[in-house]
Amino acid sequence: MSPQGKNADASAYLLYHSIGMYPGKAEEMAAAFAAFSAGWGAHDNAQWMHALGMRQEFIDRWQTLIGAPAGTLTTSENVTTALNSLIGALPEEHLKGRRLLIAGDCFPSMHFLLSGLAARYGFTLDTVPLRPGESWVRDEDVIARWGPDVGVALLTFVTSTASHRCDLETLVAHGRRMGSIIGVDITQAVGLLPYDVMHPVVDFSISTSLKWLCATPGAGILHVAEPLIEACRPELRGWFSQADIFSWDLDKFAFANDIRRFDNGTPSILACAGSLPALRWHAGQDMAALLAHNRRLAGSIVDTAKELKLKLVSPENEAERGGSVMVALPDTVNPGAFVQELAGNGIYADHRSQILRLSPGCMTTEAGIARLAEALKAAL
Ligand SMILES: Cc1ncc(COP(=O)(O)O)c(C=O)c1O
């Protein structure tokens, strides 16, 4: 079978920034979808209890994972919709006539959304730029631009372009002094780096489950801190936003007191069902060991890049880095063709222009990283 065939050797699987893998994922997901289908297709009246139970387990596991108190986390289709829902719920005082601060290395979808919403909600989207020639926005530049007129700041814990890990403690402490609402996009960190919504206390967190957590697409989350929930009036609302979803009197709509006010119509459950095996697997792992394994292999990629004089796009200092190592390929190498050549040899990575993105996870091995090093040497 070709190395790209089903269940190919994962020793050089380096796509955890995109889709995470764990042992037995395909089989466990198939079984979870089969269990969902069996309940949903049963000729009885227990379908909803069965399905909503799966969604609740998804929510409970996520709450435990990021230290979110019960009633402060719900599902969303993706990170963009989670942010949309939050912005559409904030009291006007945080948006109208205020600045919404974001860094130029945020995930582009967040910026696309916010630039489209700015005029409607009356805020100015202020994007802290990268310094010329640099590949991540420096924390000190974010702080320098973060004044008391910033109504909302969206921080990216780990960036998708350089795997830069920001210093949340320092940034959040500054944001508190400025009185801003502080949200964090944890997509590229959660499942690998420790994250706790209480340390430091943030106002909202948004993510998906498909990267280091190894789950499915469509399984996003929105966490909103308790005091903020109370002040929020989500624009996108529906029968599931109520404490009693069966309260159907057209004149008596009432928001639930907890995060359920951010729900709207019938929730999408399939992604939760498909994600449960990965979340259960992850909950049984030694987080420190997962990170140590990543650090060892990422360190070895950094050494190879230095040996080959490849420009490192990610921070060399491990404390400032997420789980990925990005390197710039020289102009003499066609990145698309090189990534395909790697795949032909069972080495799975991707690229953004000349930048090769390499993310070793729990199934990646030292032997796989050695094969990557050989392939890079041969290409250069
Ligand atoms: C930092 C970050 N945020 C968000 C996303 C995904 O956003 P969405 O779920 O809206 O596609 C990604 C995907 O790579 C990401 O790296």
Side-chain angles (χ1 to χ4, degrees), residues 13-21 58 62 66 73-88 100-117 125 127-128 130 135-137 139 142 152-168 171 182-193 195 202 204-223 236 262 267-268 270-272 274-275 278 294 313-315 320-326 348-353 355-359 361:
Y13 184 85
L14 295 159
L15 289 169
Y16 282 77
H17 57 269
S18 176
I19 303 175
M21 296 294 165
F58 175 89
W62 253 103
I66 63 170
L73 185 144
T74 191
T75 57
S76 68
E77 185 183 344
N78 55 49
V79 191
T80 314
T81 55
L83 182 59
N84 189 31
S85 187
L86 186 277
I87 296 292
L100 194 155
L101 195 69
I102 194 162
D105 56 356
C106 65
F107 191 67
S109 196
M110 307 303 121
H111 206 276
F112 297 154
L113 171 74
L114 294 170
S115 61
L117 294 180
L125 182 61
T127 312
V128 186
L130 287 114
S135 48
W136 64 87
V137 175
D139 291 353
V142 174
V152 180
L154 179 65
L155 305 173
T156 307
F157 187 14
V158 172
T159 66
S160 60
T161 40
S163 203
H164 171 247
R165 171 195 189 154
C166 69
D167 178 353
L168 276 184
L171 289 165
I182 307 168
V184 191
D185 176 351
I186 59 172
T187 306
Q188 286 294 347
V190 72
L192 184 70
L193 297 180
Y195 178 78
V202 298
F204 69 94
S205 313
I206 49 181
S207 188
T208 57
S209 308
L210 68 153
K211 299 174 189 296
W212 299 93
L213 279 176
C214 306
T216 71
I221 62 102
L222 168 66
H223 149 263
L236 178 61
F262 282 90
S268 165
L270 212 50
C272 299
S275 292
N294 166 271
V313 174
S314 302
E320 292 176 37
R321 196 169 68 223
S324 313
V325 178
M326 280 71 165
Y348 302 102
D350 66 12
H351 72 99
R352 291 288 176 270
S353 306
I355 294 170
L356 191 62
R357 304 197 300 173
L358 305 161
S359 308

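We count ligands from 1, going down the list as the structure has it; atoms in each ligand are counted the same way. Only this structure's heavy atoms are used, side chains among them; waters, hydrogens and symmetry mates stay out.
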Where ligand 1 meets [X] - atom numbers and elements under 4.0 angstrom, heavy-atom basis:
| X | answer |
| --- | --- |
| N78 | 8 (P), 9 (O), 10 (O) |
| V79 | 4 (C), 6 (C), 7 (O), 8 (P), 9 (O), 10 (O) |
| T80 | 8 (P), 10 (O) |

Report the C-alpha distance between R357 and S160 in whole Å, list the side-chain angles of each, state the deciding distance to 0.1 Å, and finish with yes or no for side-chain contact (heavy atoms from CB on, under 4.5 Å).
-> CA-CA 9 Å; R357 304 197 300 173; S160 60; 4.2 Å; yes
Closest non-hydrogen protein atom to [atom], residue and atom name please, with distance?
| atom | answer |
| --- | --- |
| atom 1 (C) of ligand 1 | D185 OD2, 3.4 Å |
| atom 5 (C) of ligand 1 | F107 CD2, 3.4 Å |
| atom 16 (O) of ligand 1 | Q188 NE2, 2.8 Å |
| atom 14 (O) of ligand 1 | K211 NZ, 2.9 Å |

Inter-residue atom distance M326.CE - D350.CG, 0.5 Å rounding = 8.0 Å
Over 12 non-hydrogen atoms of neighbours within 6.0 angstrom of CG in L125 =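 Yes, because the 6.0 Å sphere around CG of L125 holds more than 12 heavy atoms from other groups.
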Taking it one step at a time, do T187 and T208 satisfy side chain to side chain donor-acceptor pair (under 3.5 Å)?
-> CA-CA 6 Å; T187 306; T208 57; 4.5 Å; no
Out of V158, D139, T156, V313, which one pairs with H164 under the side chain to side chain contact (heavy atoms under 4.5 Å, CB included) rule?
->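 That would be D139.
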Under 4.0 Å from ligand 1, counting heavy atoms only, is it the side chain of T208, its backbone, both or neither?
->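 Answer for T208: side chain.
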Please work out whether any backbone atom (N, CA, C, O) or any side-chain heavy atom from C-beta onward of T187 is under 4.0 Å from ligand 1, and answer side chain, backbone, both or neither.
-> side chain
Has the side chain of S85 got a donor or acceptor atom that lies under 3.5 Å from a matching backbone atom of A82?
-> no
So, the side chain of N78 versus the backbone of G218: is there a donor-acceptor pair under 3.5 Å, distance only?
-> no
